[in-house]
Amino acid sequence: MSKKPNIVLILNDDMGFSDIGCYGGEIETPNLDRLAAGGLRFSQFYNTARCSPSRASLMTGLHPHQTGIGILTYDSGPEGYAGNLNQRCVTIPEALKASHYKTYMSGKWHVSSNLREPTDSWPKQRGFDEFFGTIIGAGSFYDPNTLTRDNKNAEHEARDDKNFFYTDAISDQAVTYIKQHYTSSPTQPFFTYVAYTAPHWPLHAHEEDIKKYKGRFDSGWDTLRKERLERLVKSGILKDSWPLTDRDPSQPSWEDAEQKAWLLRCMEVYAAQIDRMDQGIGRILQAIEEAGELDNTLVIFMSDNGACAEDIPEGVSIDELVDKLMIARAKTRDGKPVHFGNDTSLMPGPEDTYQSYGPAWANLSNTPFRLYKHWIHEGGVATPLIMHWPTGISDRGAVRHSPGYLPDIMATILDITQTPYPEHYAGHQITALEGHSLGSALKGDTTERPPMFWEHEGNAAIRVGKWKLVKRYPCDWELYDMEADRTELNDLSATHPERVTEMALQYEAWAKRCGVLPRDKIVELMRSQGVTRAFWEKD
């Protein structure tokens, strides 16, 4: 190979395990499906259950608490909960400088607490040569807050362009970076991080995309969950011995559901958000193909957490969303008031709405698993993972069952680019890499790997081999055999108490080493600081 491989790392936001076509879903994703058919799909890859922690872990190869992002980008306590990417970690683009990579980012950053003024936790200060995107974690797709170009506010770009749509802007900027790269630096490899906000709420999409899905979900979540599982089994991603979990007990059967027209529109808009993202991915792939570089480019795609069951209630604090959290605009670009909340008399999609699709559809998105974003059960952390690299992957269209999680992505990228992980960077000692390279999994399935650990808001887990010890705060540990029971329906903690004790001790040692604080202590700290709980907080 005359040049190190290019890397295109694509992360989307709040999408479930089974939404895209090549993972059993009804949503049209021909470009992602093409990547899967020409590359690999992973069946047991995991994220970190929440936006900011996942991004911090992905970018650094560490656990989020080690980077300063224990919960979100709000100060929730000491050290690992400061809400800022700290100087004891090194990012993928920083590390790749040693291998002479040019580095670009378009999209959502969400690992810095300062949303307006550049700090040492902003993209340009953390290794990216060029950046266009948002510093905050959510917002209008038509007029996003904190839109930034390099280190300068760029919100006027959305305001001045009546056709602006954030998903398109992320894709188009990635295309521009690639084309410019082959004009200015054709002999250098590049790393491009494309971080979509789709399909995170609010439900915003183009009418032409929404219309494509009219009638697609009319059979309802109960029937669709069964059909998705059948396709997942047929494709070899899941075993036929793993039964479908029950419908979320808080939700009605589709037959008994009210306001079906509004419910269907929510899922149609959600699908349209993913569809629009896939269209943009197609343009990115086209730009790489036109440069003749697709064979030598590793494309990685995944989601930052499981599907989101958060309802946006009527009466949600507009002041909090607009002024404090900065994740919304009070008015549209032409001055109309934005209506906040899941009002079933208003159909989602336009700029003047701010809604979410709720638990029942999120339950469909996470088929066949239970629970959602925030939790460490499979519905919260299982993500699709697609890797496409013609030069480095010969077993095209295969499914890999090798387990892995976010810290492994940096380890894998450094492995295949033959880039050293630094002990020191910019005068700071760097925490040792936690990830395990998936390089061998590109050639064939492997089962040997170090234990995997998670913690978010007191929800926690450790996986050792086929065994997963997991708890939903504030409940006790549950134990599952992931070879026999991937959908976590048969808790074996009572029949294997010694294993529970052993794995719990491993977890506690990890938590102490990585600076994980007990959830009760975090809640106490937040209360003492006068921090109010947002509508999405889940205890």
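Note that the numbering runs from 1 along the sequence shown for the chain.
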Looking at residues at least two apart in the chain, or sitting in another chain, which of them share a side-chain contact (heavy atoms from CB on, under 4.5 Å) with A205? I210, V269, A272, Q273
Which residue pairs pass the salt bridge (charged side-chain N to carboxylate O under 4.0 Å, His left out) test when at least one of the two sits in residues 388-404, sequence neighbours left out? D395-R400
Can a salt bridge be assigned to the pair E157 and R149 using a cut-off of 4.0 Å between side-chain N and carboxylate O? yes
Verify whether one side chain among N6 and T297 offers a donor that lies under 3.5 Å from an acceptor in the other. yes
Can R463 and E483 be counted as an ion pair, charged N to O under 4.0 angstrom? no
Testing the 3.5 Å rule here: is there a donor-acceptor pair between the side chains of D415 and S437? yes
Carboxylate-amine/guanidinium contact E155 R116, below 4.0 Å: yes
With ring-ring contact (aromatic ring centres under 6.0 Å, His included) as the test, pick out the partner of Y23 among F45, F301, F17, F42. F17
Do T391 and D295 meet the criterion of a side-chain donor-acceptor pair at a distance under 3.5 Å? no
Just by distance, no angles: are the side chains of Y101 and T419 close enough, under 3.5 Å, to form a donor-acceptor pair? no
Kindly give the heavy-atom pair with the smallest separation between M15 and Y270, and that separation in Å. CA-OH, 3.5 Å
Between R370 and E488, does any NZ, NE, NH1 or NH2 come within less than 4.0 Å of an OD or OE carboxylate oxygen? no
Examine the side chains of Y142 and H204 and answer whether a donor and an acceptor come within less than 3.5 Å of each other. no
Under the salt bridge (Lys or Arg N to Asp or Glu O under 4.0 Å) criterion, do E230 and R225 qualify, and how do the steps go? CA-CA 9 Å; E230 290 174 2; R225 289 183 76 226; over 6 Å; no
Which is it for F165 and F141 under the ring-ring contact (aromatic ring centres under 6.0 Å, His included) test, yes or no, and what are the steps along the way? CA-CA 6 Å; F165 192 73; F141 284 75; 5.6 Å; yes
Applying ring-ring contact (aromatic ring centres under 6.0 Å, His included) between F453 and each of Y405, Y46, W510, report the one that passes. W510
Between N12 and D304, is any side-chain donor less than 3.5 angstrom from a side-chain acceptor? no
Which is it for K124 and E130 under the salt bridge (Lys or Arg N to Asp or Glu O under 4.0 Å) test, yes or no, and what are the steps along the way? CA-CA 7 Å; K124 284 281 286 185; E130 297 191 54; over 6 Å; no
Testing the 3.5 Å rule here: is there a donor-acceptor pair between the side chains of Y213 and D275? yes
Have E455 and H63 got a donor and an acceptor in their side chains that come within less than 3.5 Å? no
Between K97 and D129, is the closest basic N to carboxylate O distance under 4.0 Å? yes
Can you name the side-chain contact (heavy atoms from CB on, under 4.5 Å) partners of S52, sequence neighbours left out? I69, L72, T73, H110
S121 versus N84, side-chain donor and acceptor atoms under 3.5 Å: yes
N-O pairing of E26 and R231 below 4.0 Å: yes
N305 versus A49, closest heavy-atom pair with distance: CB-C, 3.3 Å
Residues R126 and E94 bridged, charged N to O under 4.0 Å: yes
